[in-house]
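Here the structure comes first, spelled out in structure tokens, and everything after it is commentary.
Keep in mind that the numbers below use all heavy atoms, side chains included, and drop hydrogens, waters and symmetry copies. Letters go in sequence order (proteins before strands), and every chain restarts at 1.
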Amino acid sequence: DTGVSQDPRHKITKRGQNVTFRCDPISEHNRLYWYRQTLGQGPEFLTYFQNEAQLEKSRLLSDRFSAERPKGSFSTLEIQRTEQGDSAMYLCASSPSTVATEAFFGQGTRLTVV
Amino acid sequence: SQKIEQNSEALNIQEGKTATLTCNYTNYSPAYLQWYRQDPGRGPVFLLLIRENEKEKRKERLKVTFDTTLKQSLFHITASQPADSATYLCALDETGGSYIPTFGRGTSLIVHP
């Protein structure tokens with residue numbers, strides 16, 4: 001197992017297009033998080049899953065954003081009708097437990113909306 | 001409002017010295033606090049976790065302190081090396097929370113040879 005994997009690493013899209021990102025967590029990690037990070041800022045929480053259940057979403061998460069984790073394995077994050085303000089690094093992380101443990105992050109997907 | 005504050009100015013130090021980074025928080029009651037390292041263009045990497053009932057934790061050249069009265073954590077790197085140059089993020093979660101790390105903006109550390 002090589003850690004959390006995210007695909008693609010980079011995505012350039014035109015404003016108004018839909019994009020989908022994929023995250024493959026570390027095997028048997030039951031928690032999966034999505035964060036967004038812009039330049040000079042820390043990661044900002046978007047949503048998280050406990051197995052296949054999406055348990056919490058940030059109030060900042062627009063209706064244009066949707067995430068799934070079918071069968072509690074990989075996860076996808078879709079952004080519909082992208083806007084320039086969506087340009088950011090989208091980070092996925094997983095952790096093995098429901099109690100406080102470290103989060104293992106992927107390399108992120110860099111989205112640029114032009 | 002809730003805030004996690006890390007110095008936005010980069011910390012420049014000479015190789016071999018001890019680097020000390022600060023994380024202050026307001027309107028949180030953290031159950032634990034974590035420190036991560038982030039290199040440009042890469043995801044954060046976990047370094048240390050300290051719980052609310054712990055005062056200090058060490059790992060090799062790293063030391064973290066946690067003062068819930070001052071609402072502050074200090075992160076120390078002893079005998080710093082140029083390879084330690086990176087952005088260091090603190091993250092915390094509240095007592096009774098969902099164990100979702102909430103991050104500060106991070107502080108950039110630059111170690112000069």
Side-chain angles (χ1 to χ4, degrees), chain A residues 2-10 21 23-26 29-50 53-61 88-112, chain B residues 1-10 21 23-25 28-54 57 59 62 64 66 75 86-108:
Chain A
T2 56
V4 178
S5 177
Q6 292 189 245
D7 184 70
R9 292 292 310 278
H10 303 275
F21 310 140
C23 172
D24 287 272
I26 294 172
H29 277 195
N30 49 25
R31 286 204 146 208
L32 187 147
Y33 308 88
W34 284 99
Y35 286 85
R36 176 172 62 192
Q37 187 175 27
T38 54
L39 195 63
Q41 301 299 315
E44 174 189 38
F45 169 73
L46 293 178
T47 188
Y48 92 93
F49 293 83
Q50 178 76 29
Q54 187 174 18
L55 294 186
E56 193 161 332
K57 293 195 293 187
S58 167
R59 284 168 290 182
L60 302 174
L61 200 64
M89 174 78 86
Y90 289 84
L91 293 163
C92 174
S94 67
S95 69
S97 174
T98 55
V99 296
T101 57
E102 68 230 60
F104 294 79
F105 280 83
Q107 300 286 45
T109 294
R110 169 75 64 189
L111 173 67
T112 303
Chain B
S1 62
Q2 294 180 315
K3 288 183 185 178
I4 302 171
E5 294 177 315
Q6 296 186 257
N7 197 337
S8 58
E9 290 184 13
L21 305 174
C23 177
N24 295 301
Y25 58 90
Y28 278 101
S29 298
Y32 64 88
L33 189 145
Q34 303 184 39
W35 284 89
Y36 288 78
R37 170 185 172 139
Q38 188 173 27
D39 292 288
R42 303 178 78 90
V45 174
F46 171 80
L47 297 174
L48 281 167
L49 180 152
I50 187 165
R51 299 181 190 278
E52 60 179 333
N53 59 350
E54 298 175 314
K57 207 154 207 187
K59 179 182 175 183
L62 308 180
V64 172
F66 194 11
F75 176 78
T87 295
Y88 291 86
L89 300 157
C90 74
L92 55 81
D93 185 37
E94 295 195 89
T95 303
S98 303
Y99 299 115
I100 301 171
T102 301
F103 285 85
R105 66 184 300 173
T107 298
S108 175

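Note: B/Leu49 leads B/Leu48, B/Thr102, B/Ile4, B/Leu49 in heavy-atom pairs under 4.5 Å with chain A. Contact count versus chain A (heavy atoms, under 4.5 Å) is highest, among B/Pro101, B/Gly104, B/Gly106, for B/Pro101. Per-residue counts of heavy-atom pairs under 4.5 Å with chain B were compared for A/Gly106, A/Ala103, A/Gly108; the largest is that of A/Ala103.
Only the side chain of B/Gln38 comes within less than 4.5 Å of a heavy atom in chain A; its backbone stays farther off. Interface remark: A/Gln37 contributes side-chain atoms only to the contact with chain B (heavy atom separation under 4.5 Å). When heavy atoms are compared at a cutoff of 4.5 Å, A/Glu56 approaches chain B solely by way of its side chain, counted from C-beta outward.
Checked against the 6.0 Å centroid threshold, B/Phe103 and A/Phe45 do not count as a close aromatic pair. Not less than 6.0 angstrom separates the ring centroid of A/Tyr35 from the ring centroid of A/Tyr90.
By the 4.5 Å heavy-atom criterion applied to side chains, B/Phe75 and B/Leu47 are counted as neighbours. Using a 4.5 Å cut-off on side-chain heavy atoms (C-beta onward), A/Met89 and A/Thr109 make no contact.
Ring planes of A/Phe105 and B/Tyr36: perpendicular class, angle over 60° (limits at 30 and 60°).
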